[in-house]
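Following: one structure in structure tokens, then a few remarks.
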Amino acid sequence: MKNQEIADLFSRVADILDFKGENSFRVNAYRRGALILSDLAEDVEALVEEGRLTEIPGIGEGMARNIEEYLGTGRMSKYEEVRKGVPEELIALLGVQGMGPKTLALAHRELGIKSLNDLRMIMDSGELASLPGMGEKKVANLKKGLEHFLASKERISLGVAYPLVLEIIEALQKKVKVQKVCPAGSLRRMRETVGDIDILATGRNGASIISAFASLPMVTQVLAAGETKGSCIVEGGTQVDLRVVEPGSYGAALQYFTGSKAHNVKLREMARANGLKVSEYGVFRGEKKLAGKAEAEVYKALGLPLIPPELREDRGEVEMAVEWKLPSLVENKDILGDLHVHTKWSDGHHSVEEMARAAKERGYKYLGIAEHTPTAAYAGGISEAELKKEWREIAEVQKRLKGIRILRSAEVDIRADGSLDYSDEILKELDFGVASIHSGFKKRATERILKAMQNPYVDAIGHPTGRLISRREGYEVDLEAVFKTAAATDTALEINAYYDRLDLNDVHVKRAKEAGVKITINTDAHHIDQLWMMELGVGTARRGWLAKGDVLNCLPPERLRKKSRKKV
DNA sequence: GCCGTTTTCGGCCCGACTGTTTTCAGTCG
């Protein structure tokens, strides 16, 4: 699938045009095109073949031509044309805070800078400050920006940011009286990675809230601390922004700072067409404020139901909301069990009983113990004989532990030839069978997964693409083929909720649902402290538009068992 | 470059902040 390659090219075209001072709306059109392509679940090549490319809003004749050319020849003349005479390293400097296209173009034109090193030198020599419109302070800011640019890490995983923001909010509330406080930004939308952390609050004295924030123990550097906005770097190098607003604008501000930008632009365009104006202070008709206090009010004033944060990506949610046809999304409380956790029997840290008790504390009705199998020797995979011993232990624990059912599950390896690691005789004794690929990622992954799904005792495929966020690309797998066979064989696909996986991802989940595939959300927990990650999986499911009825482990135990035996 | 229950041409989201300016351009979210 070449979607992302083309999205990256469009994104670069946008940056270069911006640098060149091209009409900003044209620049924006390419930015939007890039976003659309990287969000697109379908293969862009299939769309071209079916001649449906320009049916996508935001992709017109021009970009369609560029896409077709790239797919045909592997080159895009539009990109080749705009990049002439523009060093790649120069454009990368747009990533420096405070360095926009105008300033960069000025420095390039007047002082001939071409690289990061050039920029450093002219900043130190004082030449940059002497340019028209520049000055000492601007250069000082750019220096800070450059420092951060060099030191800043990649986006951080949601699974790291999420506990961190809860910790910060708790610490803040202990220190100062805050009326309302809530995470905003991509974290509230449960994106799999976040760049920085946004928090919104209301309270009597904004300045005192900001100063309390700036003096929290985890803060290592204060970038700004004013009346309404504070910005700090915390341990680990992540930037955290706190904004304090009037209670009357809390809803509008929360809506605004939650984003996404594309979602907000879409809303504002729509509002404008209806003679309304939306800002972070409220919804207005002329001078008259119609809403602002609560988020639901803001959407209502626009004639819409409250759109859940996880859907706010401009992936069709506004259009569906206009028709009041948004799905009722699955919630954390709907999850009745986890079907894929490990214990000491393979590479987990706790006993069956400890895991089961922890699961019961979360309010689960069942827990599926799913150890690795012999092929996954590095992970302590267990033989059929050992598995039978574990079953005896499960039976014993079950005798003294009431209120939760411990299910015999397994994470069976899909071998290089697509066969499974346990015999059917063992597999058919399972309550719930998960099959996963753990080795030979490049070896015909699609074929192997399709073959595994034909086995009547495989109820779900674990982490279907094998990707690790920011560490490893997934297998080369044809997901459309997997979805088709999954639907036909009534095999569920997993959202592996372990923070580093989130696999399937949001976009895949939405496609899977459209293809009629059922989903299970499992943590793959190896430790009782990892069971909470279910919330990350539920967030991913919600971002994939799933309702309770789409998720297998929202079923009560009796119906789950019936469901999982249906294949036989 | 894209798009059309105002439009095939002329628009395209909104506001704050900052610093360099004597009225505003650039950047950011």
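Sequence lines set the chain letters: A, B, ... in the order given, protein chains first and strands last, and positions in each chain run from 1.
- Each of A/Gly98 and A/Asn264 was matched to the nucleotide of DNA chain B holding its nearest heavy atom; the match closer to the 5' end belongs to A/Asn264.
- For the pair A/Arg32 and B/dG1, the criterion of a side-chain N or O lying under 4.0 Å from OP1 or OP2 is not met.
- Using a 4.0 Å heavy-atom cutoff across all strands shown, A/Phe25 reaches at least one base atom of the nucleic acid.
- Nucleic acid contact for A/Asn28: none, since no nucleic acid atom lies under 4.0 Å from a heavy atom of the residue.
- The same atom, P, is picked in B/dT27 and in B/dT21; the two are 15 Å apart, to the nearest Å.
- On the C1' atoms, B/dA25 is 9 Å away from B/dT20, given to the nearest whole Å.
- Among the nucleotides B/dG26, B/dG1, B/dG15, the one closest to any side-chain atom of A/Arg26 is B/dG1.
- Annotation: B/dC12 and B/dC17 have their C1' atoms spaced 24 Å apart (nearest Å).
- Note on A/Tyr30: every side-chain N or O is 4.0 Å or more away from OP1 and OP2 of B/dC2.
- If you check B/dT8 for Watson-Crick or wobble pairing at under 3.5 angstrom, you find it has no partner at all.
- Comparing the C1' positions of B/dA16 and B/dG11 gives a spacing of 25 Å, expressed to the nearest Å.
- You'll find a donor-acceptor pair under 3.5 Å spanning the side chain of A/Tyr256 and the base of B/dG29, going by distance alone.
- Between A/Arg467 and A/Asp503 there is no salt bridge, since none of the side-chain N atoms of the basic residue sits less than 4.0 Å from a carboxylate O of the acidic one.
- Across all strands shown, A/Glu22 has no heavy atoms under 4.0 Å from either base or sugar-phosphate atoms.
- Note on A/Lys138: every side-chain N or O is 4.0 Å or more away from OP1 and OP2 of B/dT27.
- Taking atom CG of residue A/Leu37 and atom C1' of nucleotide B/dG1, one finds them 14 Å apart after rounding to whole Å.
- In this structure, A/Lys229 reaches neither bases nor backbone, as no heavy-atom distance under 4.0 Å exists between it and the strands shown.
- A/Glu317 contributes a side-chain N or O that, together with a main-chain N or O of A/Arg315, makes up a donor-acceptor pair within less than 3.5 Å.
- For the C1' atoms, the distance linking B/dG19 with B/dC13 amounts to 25 Å, nearest Å.
- You'll find the side chain of A/Tyr256 stays beyond 4.5 Å of the side chain of A/Glu295, heavy atoms only.
- Contacts of A/Val139 with the nucleic acid, taken as non-hydrogen atoms under 4.0 Å apart, are absent.
- Using a 4.0 Å heavy-atom criterion, one finds that A/Thr103 contacts the sugar-phosphate atoms exclusively.
- Among all heavy-atom pairs drawn from A/Lys175 and A/Ala212, the shortest one is CD-O, 3.9 Å.
- If you check every strand for non-hydrogen atoms under 4.0 Å, A/Pro132 touches nothing.
- At the heavy-atom level, A/Val27 lies nowhere under 4.0 Å from the strands shown.
- Aromatic ring centres of A/His108 and A/Phe19: separated by under 6.0 Å.
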